[in-house]
Amino acid sequence: MRVELADIISCENKEMSRQVEIELMSFESKLGQFPIVDRAPFVLKFTNENHKRLLIQGETEVTIAIPCDRCLENVDKKFPIVIDKEFDLTGSNVEKSMEESNYMIGTNLDVDQLIFGEILVSWPMKVLCNEDCKGICKRCGANLNLTECQCQKTEPDPRMAAIQDIFNKFKEV
Ligand SMILES: [Zn+2]
Ligand SMILES: [Zn+2]
């Protein structure tokens with residue numbers, strides 16, 4: 001969704017509150033594509049402060065399904081978003097400061113692009129379904145939180161096998 005801000009920018013001390021919607025259905029980055037499973041309309045407040053500063057403020061929350069780093073099950077990760085942007089309105093700085101942001105197209109605010117940027121900067125380094133997630137078995141792919149696979153029992157870990165060999169050698173001596 002886009003909001004035209006020309007009025008606010010040209011009108012000293014004007015304030016405007018608008019209910020905006022996030023149209024973004026998924027979050028796409030170089031890490032992959034993740035569905036946005038929950039989002040809600042929220043209010044953005046625009047303020048032209050003495051023709052010096054343009055303020056854009058608002059708060060919302062989006063929920064994105066991200067696979068757990070260990071077991072790959074989707075985790076509903078909440079992203080609280082606090083928007084508090086400021087543009088310099090003095091002299092010729094207006095256009096320049098707006099061009100530097102990737103969510104302003106001229107005097108048009110691209111709400112989805114703004115939200116995208118906020119999610120990007122708060123993207124977690126690691127997502128776990130649970131601190132104690134047991135992950136998946138590297139051999140058979142079983143989710144070890146749900147089931148106990150037989151791999152461990154039938155085939156010992158190669159490192160364990162090496163130790164076992166040493167033990168066996170000792171026995172032979
Ligand atoms: Zn997990
Ligand atoms: Zn297994």
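Values reported hereafter were calculated over all heavy atoms of this structure, with side chains retained and with hydrogens, waters and symmetry mates removed. In each ligand, atom 1 is the first atom listed, and ligand 1 is the first ligand listed. Quantities reported herein were computed from a predicted structural model and do not represent experimental measurements.
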Polar side-chain atom of N130 near backbone of D132 as donor-acceptor pair, under 3.5 Å: yes
Metal-centred angle, the Zn ion (ligand 2) as apex - SG of C151, SG of C137, 10° resolution: 110°
Does the side chain of I64 come within less than 4.5 Å of V37's, by heavy atoms? no
Only pairs at least two apart or in different chains count here, so list each salt bridge (Lys or Arg N to Asp or Glu O under 4.0 Å) that has a residue in residues 78-88. R53-E86, K85-E118
For the atoms SG of C68 and SG of C129, give the angle they form at the Zn ion (ligand 1), rounded to 10 degrees. 120°
At the Zn ion (ligand 2), what's the angle from C140 SG to C149 SG, rounded to 10 degrees? 110°
Is there side-chain contact between T60 and R39, with heavy atoms separated by less than 4.5 Å? no
